Amino acid sequence: MNTDGAGRGSPGIAVSAGLFRDDQGNFLGGFALHLGVLFSFSAELMVVVKAIDIARHRHWNSIWLESDSMLVIAALKNSSLVPW
């Protein structure tokens, strides 16, 4: 999964998108979201949550997540913040 979120302003209009590829690089699907008025961090975090939710519904249990937000990656690694 490759994800990205952005906000125009702080806070501002936020959008996010994600795409899925298999281990051979074949495109499996994608999505885009209009998130309303948020901070960029919130947009980055929400797109990752949405991507994980889509993967779960498709029974993709082994995933590789790519995000350009070090804050989101740090949050996901902190088991006290994310209960998995």
Side-chain angles (χ1 to χ4, degrees):
M1 303 181 306
N2 186 284
T3 62
D4 199 10
R8 185 175 188 193
S10 186
I13 300 298
V15 296
S16 61
L19 64 88
F20 302 92
R21 295 187 181 273
D22 65 14
D23 61 337
Q24 301 298 309
N26 299 308
F27 181 73
L28 299 176
F31 66 94
L33 303 170
H34 180 277
L35 300 170
V37 177
L38 294 173
F39 288 98
S40 292
F41 172 73
S42 297
E44 293 274 6
L45 188 59
M46 288 181 74
V47 71
V48 168
V49 170
K50 179 66 176 177
I52 291 170
D53 189 50
I54 290 170
R56 184 179 63 86
H57 279 93
R58 294 187 179 182
H59 304 287
W60 296 336
N61 298 319
S62 179
I63 58 173
W64 182 288
L65 171 66
E66 294 182 355
S67 171
D68 62 355
S69 173
M70 293 301 293
L71 287 173
V72 169
I73 300 302
L76 293 173
K77 288 181 177 180
N78 186 336
S79 62
S80 68
L81 295 176
V82 182
W84 56 60

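Keep in mind that what you see is a predicted model, and the values were worked out from it rather than measured.
Rounded to the nearest 0.5 Å, atoms CG (Leu71) and CG (Leu45) are 10.0 Å apart. Within the model, atoms CE of Met70 and NZ of Lys77 stand 6.5 Å from one another, a figure rounded to the nearest 0.5 Å. Going from atom NE2 of His57 over to atom CG of Asp53 covers 5.0 Å, rounded to the nearest 0.5 Å. The structure places CG of Asp68 at 4.5 Å from CG of Asp4, a figure rounded to the nearest 0.5 Å. Put simply, OG1 on Thr3 and CG on Leu33 are 11.0 Å apart, with the number rounded to the nearest 0.5 Å.
Criterion: ILVMFWY side-chain heavy atoms under 4.5 Å apart, direct or through other members. Under it, Ile73 and Phe41 are not part of a common hydrophobic cluster. Hydrophobic clustering places Phe31 together with Ile52 (ILVMFWY residues linked when any side-chain heavy atoms are closer than 4.5 Å, directly or through intermediates). Hydrophobic clustering, with ILVMFWY side chains joined whenever heavy atoms are under 4.5 angstrom apart, keeps Phe39 apart from Val48. No path of Ile, Leu, Val, Met, Phe, Trp and Tyr side chains, each step under 4.5 Å between heavy atoms, connects Ile13 with Leu38, placing them in separate hydrophobic clusters.
Ser16 places no side-chain N or O within 3.5 Å of a backbone atom of Ala6 that could act as its donor or acceptor partner.
Closest non-hydrogen pair, Met1 versus Ala55, comes out as SD-CB, 4.1 Å. What you find for Gly5 and Glu44 is that their closest heavy atoms are O-OE2, 2.9 Å. Closest non-hydrogen pair, Ala17 versus Val47, comes out as O-CG2, 3.2 Å.
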Under 3.5 Å, which donor-acceptor pairs link side chains of residues 19-29 to any protein atom two or more places apart or in another chain?
residue: Arg21; atom: NH1; partner: Gly25; partner atom: O; Å: 2.8
residue: Asp22; atom: OD1; partner: Gln24; partner atom: N; Å: 2.9
residue: Asp22; atom: OD1; partner: Gly25; partner atom: N; Å: 3.0
residue: Asp22; atom: OD1; partner: Asn26; partner atom: N; Å: 2.8
residue: Asp22; atom: OD1; partner: Asn26; partner atom: ND2; Å: 3.4
residue: Asp22; atom: OD2; partner: Asn26; partner atom: ND2; Å: 3.1

Step by step, would you call Arg8 with Val15 a side-chain contact (heavy atoms from CB on, under 4.5 Å)? CA-CA 9 Å; Arg8 185 175 188 193; Val15 296; over 6 Å; no

